[in-house]
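First the structure, in the form of structure tokens, and then the observations on it.
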2 protein chains.
Amino acid sequence: MGASKLNIYNKGTTDLAIIAKVFSHPARVAILQYISKQDSCICNDIVDEIGLSQSTISQHLKVINDAGLLKGTYKGKSHCYCINIERFQEFQTLLNSFFNQTKSNCC
Amino acid sequence: MGASKLNIYNKGTTDLAIIAKVFSHPARVAILQYISKQDSCICNDIVDEIGLSQSTISQHLKVINDAGLLKGTYKGKSHCYCINIERFQEFQTLLNSFFNQTKSNCC
DNA sequence: TTTTATTATCGTAATATTGCAATATTACGA
DNA sequence: TCGTAATATTGCAATATTACGATAATAAAA
């Protein structure tokens with residue numbers, strides 16, 4: 001971007017944007033939907049499911065993980081990703097409080 | 001992006017991503033927060049408030065508006081923007097149903 | 001230890017986003 | 001109509017994102 005001014009906003013504003021960014025690409029939404037449907041998850045399944053390359057999926061998983069939305073343990077050869085429900089709920093709370101503060105007062 | 005594959009996802013997935021994208025930049029979150037606090041809103045006020053140039057703010061407003069999140073009427077010389085609450089609630093509903101379907105079953 | 005399966009990282013190309021200055025457009029008031 | 005204030009658009013530069021193939025790293029199995 002043209003010198004992204006990311007330091008002029010307050011923390012709540014930036015936080016909301018950071019988490020929203022995770023959801024701003026359909027691949028990541030699809031990955032999250034898929035993971036949340038599974039009992040456990042192997043990354044290779046995601047590749048077959050979504051239709052992107054392994055490296056691309058891996059990068060998207062990194063973005064999701066960096067936002068704190070995943071938990072994971074190792075399980076045999078494959079990693080087991082799952083949703084970090086607590087972090088999810090933080091996001092939901094942040095959004096809901098944003099919505100609750102939002103009014104339509106004109107027009 | 002490297003040939004963004006936007007046609008391989010189902011509609012609900014894409015919809016969520018499109019609306020999330022509006023919130024994925026703090027400038028837009030700040031604009032929405034500011035508008036929702038006002039009884040009515042004049043764009044020039046936003047410019048003073050957020051700290052970006054008039055043309056940049058105008059472009060962000062266009063992104064927000066294209067997603068259907070604004071309503072507006074003309075009021076004197078200035079445009080009056082306000083939040084399209086109905087559309088906002090659609091977004092909230094979409095997110096909530098996403099969260100409700102989300103489980104943490106492993107780890 | 002070597003092989004194999006799985007996931008992460010690197011390099012690179014294509015595309016998208018962000019931001020601003022300059023300019024155009026729009027609508028009101030004199 | 002002309003001037004003025006407010007908003008939109010255009011053109012450009014800087015940066016970020018997305019995607020993939022190739023390759024590296026890791027851990028279990030042979």
Side-chain angles (χ1 to χ4, degrees), chain A residues 1-9 13-14 17-18 20-31 34-35 38 40-67 70-82 106, chain B residues 1-9 13-14 17-18 20-31 34-35 38 40-67 70-82 107:
Chain A
M1 336 172 212
S4 206
K5 291 187 166 178
L6 297 176
N7 50 340
I8 63 175
Y9 310 102
T13 303
T14 309
I18 286 171
K21 189 162 242 175
V22 174
F23 291 82
S24 73
H25 195 284
R28 289 193 287 266
V29 176
I31 290 171
Y34 182 69
I35 293 178
Q38 308 303 310
S40 68
C41 180
I42 297 156
C43 184
N44 203 247
D45 286 346
I46 301 182
V47 175
D48 297 338
E49 178 77 10
I50 312 286
L52 296 169
S53 76
Q54 181 268 324
S55 63
T56 303
I57 295 289
S58 182
Q59 279 181 106
H60 280 306
L61 279 169
K62 182 170 158 49
V63 173
I64 297 170
N65 188 54
D66 287 351
L70 292 180
K71 287 193 300 190
T73 55
Y74 293 89
K75 189 181 179 182
K77 252 169 290 193
S78 0
H79 288 196
C80 164
Y81 293 107
C82 67
C106 70
Chain B
M1 334 171 216
S4 211
K5 293 187 165 179
L6 297 177
N7 49 340
I8 63 175
Y9 310 102
T13 303
T14 310
I18 287 172
K21 189 162 240 173
V22 174
F23 291 83
S24 74
H25 196 284
R28 290 192 286 267
V29 176
I31 289 171
Y34 183 68
I35 294 179
Q38 309 302 310
S40 68
C41 180
I42 295 157
C43 185
N44 202 246
D45 287 346
I46 301 182
V47 175
D48 298 340
E49 177 77 10
I50 311 284
L52 295 170
S53 76
Q54 181 267 323
S55 63
T56 302
I57 295 289
S58 181
Q59 279 181 105
H60 280 306
L61 280 169
K62 182 170 159 45
V63 173
I64 298 170
N65 188 53
D66 287 351
L70 292 179
K71 288 193 299 189
T73 54
Y74 292 91
K75 189 180 179 183
K77 251 169 290 193
S78 2
H79 289 196
C80 164
Y81 293 106
C82 67
C107 311

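Just so it is clear, the structure is predicted and the values come from calculations on it, not from any experiment. Throughout, a chain's letter reflects where its sequence line sits, starting with A, and its residues are numbered from 1.
- One can place CG of B:Asp66 at 9 Å from P of D:dT9, the figure rounded to the nearest angstrom.
- For B:Lys62 and D:dT7, the shortest distance from a side-chain N or O to OP1 or OP2 is not below 4.0 Å.
- When the P atom of C:dA5 is taken as reference, atom CG of A:Asp45 falls 16 Å away, rounded to whole Å.
- Judged by distance alone with a 3.5 Å cut-off, no donor-acceptor contact links the side chain of A:Ser53 to the base of D:dA19.
- Residue A:His25 places no side-chain N or O under 4.0 Å from the OP1 or OP2 atom of C:dA16.
- At least one side-chain nitrogen or oxygen of B:Ser58 sits closer than 4.0 Å to the OP1 or OP2 atom of D:dA8.
- Computed from coordinates, the B:Leu61 CG to D:dA8 C1' distance equals 11 Å when rounded to whole Å.
- C:dG29 and D:dC2 make up a base pair, with Watson-Crick or G-U wobble contacts both under 3.5 Å.
- Comparing C:dG19, C:dA21, C:dA16 by their nearest atom to the side chain of B:Ser55 picks out C:dA21.
- OP1 or OP2 of D:dA19 lies within a sub-4.0 Å distance of a side-chain N or O belonging to A:His60.
- Side-chain atoms of A:Gln54 and base atoms of C:dA8 include a donor and an acceptor less than 3.5 Å apart.
- Of the side-chain N and O atoms in B:Tyr81, none sit less than 4.0 angstrom from OP1 or OP2 of D:dA6.
- Of the side-chain N and O atoms in B:Thr56, one or more sit less than 4.0 angstrom from OP1 or OP2 of C:dC20.
- Each of C:dA22, D:dA19, C:dT18 was ranked by its minimum atom distance to the side chain of B:Arg28; first place goes to C:dT18.
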